[in-house]
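Have a look at the structure below before the remarks.
Below, read A as the first sequence line, B as the second, and so on, with proteins coming before strands; counting in each chain starts at 1. Note that the structure is predicted; figures quoted are calculated from it, not measured.
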Amino acid sequence: MKILKLKENRDFRRVYNKGKSYVSPYFVVYINKNRFSDIRLGITVGKKIGNAVKRNRAKRLITAAFSAVLPQILVGYDFVIVARTKILTVKSTEVLSSLVKILKSVGMLENKENEKSSD
RNA sequence: GGAGUCGGUUAGACGGUUGCGGAUAGAAAUAUCUGAGGAAAGUCCGAGCCCCGCAGGGCAGAAUAGCGGCUAACGGCCGCCGAGGGUGACCUUAGGGAAAGUGCAACAGAGAUAUACCGCCGUAAAGCUUGGUUUAUACCUUGAAGUGUUUUGCACUGCCUUUACGGUAAGGGUGGAAAGGCGAGGUAAGAGCUCACCGGUUUCACGGGAACGUCGAAACCCUGUAAACCCUAUUUGGAGCAACGCUGAGUGUGGCUAUACAUUUGCCCGAUGUGCCACGAAAAGCGGCUUGAGUGUUGGGAGCAAUCCCGCAUUGAGAUAGAUGACCGUCCACGACAGAACUCGGCUUAUCGAUCGACUCAAAAA
RNA sequence: CGGGGUGUGGCGCAGUUGGUAGCGCGCGACAUUUGGGAUGUCGAUGCCGCAGGUUCGAACCCUGUCACUCCGA
């Protein structure tokens, strides 16, 4: 399953205005329902983070973490993840566990039994 | 070994699992190959490529500024000359014109591109002085104590003071800079006024391909500033891949007009073209896009060098919200600065280190 | 990709035909008040973003560079 990406500015603005936000030390997640049965992801990395190399690294870390949890995420939602400066100082495993923690508390992850039974 | 100068190379490596962009094969799953830099950065120059209702002239504007070479081109590079710095290796250098003209030179100083305050000298006028002791010499006082004569006087000379007019630029505490410097002659006093020497500029001669150089000759309007205006020489149409082309969609409303508008720094003339401007609606996709002044070469040749020629090998990103990540293992110096966006040549800036080569200085030892 | 602008005391700004760097607010001390505020007097605070150069002399002129910011496509 591939990740569809948000591209247009108006999509981002709709998620910022209508969606709910959840904060971690490394990033902020905005979640909003969409009209499709897809999962769409947008990543925002501002100039505050650093130069082009640092911004690219932040994007890759978020993409890697998101694709790791992708099979368990409920469909039909738009996600926008905004990177914060601290994300450059940690390893990818911490980003992943932090993302899992947030999504689980919100209830966006499917239960693990399906995963186990599939195994 | 110490201190230092210059230049080059490199920019973690290997293996595994799992993901991303591109190409090829395939109906598909998938497989194979390949995938960021020395600066990819800043966007400071120069080009290719490409487009513009032709790009023609003039004025303004802008850029460059020793000479020669290299290059597609350059404001870049190489070599050389001049100037400055360093004991030296070597480094720095916008380095045309001040004798076309204009401007500026604060404070200080008499005076700042010429001046005359003090001083020195000349002329004229006015004033003051020429005393005391002594036979005399001499002594005292004084800025100075002279001469003639008919000797309580008069005249002249000299000294001093003041004023006026003129000469002068030797000297004067300033200043970054005071008519290039210094000595002699000369003069009433002085002065490149004259002369010798030294410096500078220009012209000629000689040497060099040229900048330039010279115990050469002559002339001379000899403060500094042109990164002040300016003058001289050379260059300059503009715009940039969000260029531009194709497909698709759309071609509505309002205003301005031919004495108009456009041709992308301003103005004038010329030339060419015919609508132009604003608002609204809308939608994007594909090409351009990577074989190119390409990359490598302890192969050969030319050249001091930059660089060029020949040969051989090779094809090494092409994304479009924008591709290299994550995890594990081993080793080491424990990994800095940093991400292609049409493409090249330079410049500048950032950078943890590692390593190689050439050379200089000082001291010691052999 | 192209074109501009700014950088000066803690903050906001002046000052650029080159000649000793200023204003307002803020800060400190003193006076005034029973005390505070307001007011008055006095004072401190600057390598004029950084590095070179031109000049006797640079915040100002020139070159390079860094940061911030605006505009157009």
Side-chain angles (χ1 to χ4, degrees):
Chain A
M1 179 172 193
K2 275 203 169 185
I3 308 173
L4 293 177
K5 285 181 175 174
L6 290 180
K7 295 177 182 177
E8 296 294 324
N9 190 23
R10 55 174 184 271
D11 293 335
F12 278 86
R13 257 184 286 161
R14 187 170 56 240
V15 175
Y16 287 143
N17 290 334
K18 295 190 174 177
K20 294 185 175 178
S21 65
Y22 308 96
V23 183
S24 142
Y26 315 124
F27 49 82
V28 184
V29 186
Y30 293 83
I31 302 174
N32 187 39
K33 236 182 192 174
N34 63 20
R35 291 176 293 166
F36 317 102
S37 58
D38 291 323
I39 299 168
R40 300 197 298 177
L41 173 66
I43 302 172
T44 297
V45 182
K47 251 188 181 174
K48 263 191 210 169
I49 302 293
N51 54 33
V53 172
K54 291 172 183 169
R55 292 199 301 270
N56 268 340
R57 176 166 171 79
K59 282 188 254 179
R60 285 168 190 153
L61 285 172
I62 291 168
T63 310
F66 195 81
S67 60
V69 295
L70 184 64
Q72 309 168 28
I73 294 178
L74 294 170
V75 296
Y77 289 91
D78 286 344
F79 295 82
V80 171
I81 303 182
V82 179
R84 307 179 79 180
T85 316
K86 273 190 179 175
I87 198 170
L88 298 170
T89 63
V90 298
K91 291 192 116 186
S92 67
T93 48
E94 279 195 61
V95 178
L96 177 59
S97 63
S98 164
L99 181 66
V100 167
K101 191 179 166 189
I102 284 178
L103 293 181
K104 207 187 281 179
S105 68
V106 178
M108 296 301 297
L109 294 185
E110 294 179 16
N111 50 357
K112 284 185 178 177
E113 294 167 9
N114 292 2
E115 199 181 1
K116 277 183 181 175
S117 62
S118 68
D119 283 344

Could you state the [atom1]-[atom2] distance from [X] to [N], rounded to the nearest angstrom?
| X | N | atom1 | atom2 | result |
| --- | --- | --- | --- | --- |
| A:I43 | B:C20 | CD1 | P | 14 Å |
| A:K59 | B:G19 | NZ | C1' | 17 Å |
| A:L61 | B:G325 | CG | P | 10 Å |
| A:K54 | B:A338 | NZ | C1' | 9 Å |
| A:L41 | B:G19 | CG | C1' | 15 Å |
| A:N51 | C:A67 | CG | P | 11 Å |
| A:I49 | B:A338 | CD1 | P | 16 Å |

Taking syn as a glycosidic torsion within 90° of 0 and anything else as anti, which one is [N]?
| N | result |
| --- | --- |
| B:G299 | anti |
| B:G53 | syn |
| B:A114 | syn |
| B:A36 | syn |
| B:G192 | syn |

Q) Under 3.5 Å, side chain of A:N56 to main-chain N/O of A:K59, donor-acceptor pair present? A)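 No, A:N56 side chain to A:K59 backbone: no donor-acceptor pair under 3.5 Å.
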Separation of the [atom1] atoms in [N] and [M], to the nearest angstrom:
| N | M | atom1 | answer |
| --- | --- | --- | --- |
| B:C139 | B:C156 | C1' | 29 Å |
| B:U93 | B:U291 | C1' | 44 Å |
| B:U351 | B:G303 | P | 43 Å |
| B:C59 | B:A243 | C1' | 33 Å |
| B:G209 | B:G224 | P | 35 Å |
| B:G296 | B:C309 | P | 16 Å |
| B:C14 | B:U9 | P | 22 Å |
| B:U92 | C:G64 | C1' | 15 Å |

Minimum side-chain heavy-atom gap [X]-[Y] below 4.5 Å:
| X | Y | value |
| --- | --- | --- |
| A:Y77 | A:K33 | yes |
| A:I87 | A:I62 | yes |
| A:I73 | A:F79 | yes |

**Q.** Any A:S92 side-chain N or O less than 4.0 Å from OP1/OP2 of B:G325
**A.**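 False: A:S92 side-chain N/O out of range (4.0 Å or more) of B:G325 OP1/OP2.
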Q: Go through the structure and list residues passing ring pair (Phe, Tyr, Trp, His ring centres under 6.0 Å) with A:Y30, not counting sequence neighbours.
A: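 Here the qualifying residues are A:Y16.
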Q: Could you list the residues that satisfy ring pair (Phe, Tyr, Trp, His ring centres under 6.0 Å) with A:F27, not counting sequence neighbours?
A: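 Expected list: none.
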Q: Check the hydrophobic clustering (I, L, V, M, F, W, Y; side-chain heavy atoms under 4.5 Å; chains of links allowed) and say if A:L70 and A:I81 are grouped together.
A: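 Yes, A:L70 and A:I81 fall within the same hydrophobic cluster.
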Q. Going only through I, L, V, M, F, W and Y residues with side-chain contacts under 4.5 Å, is there a path from A:I49 to A:V53?
A.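 Unlinked, A:I49 and A:V53 end up in two clusters.
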Hunt down the Watson-Crick or G-U wobble partner of [N], both distances under 3.5 Å, from any strand shown, or write none.
| N | value |
| --- | --- |
| B:U234 | B:A63 |
| B:A362 | none |
| B:A219 | B:U201 |
| B:U87 | none |
| B:A271 | B:U263 |
| B:U307 | B:A302 |
| B:C244 | B:G287 |
| B:A11 | none |

Q) How long is the span from the CG atom in A:N32 to the NZ atom in A:K20, to the nearest 0.5 Å? A)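 One gets 10.5 Å once the value is rounded to the nearest 0.5 Å.
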Which atoms of nucleotides 34-43 of chain B (N or O only) lie under 3.5 Å from a protein N or O atom, and what are those distances?
none

(Q) Mind checking if A:R57 touches a base, just sugar-phosphate, or nothing, with heavy atoms under 4.0 Å? (A)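 Since only primed, P, OP1 and OP2 atoms lie under 4.0 Å of A:R57, the category is sugar-phosphate.
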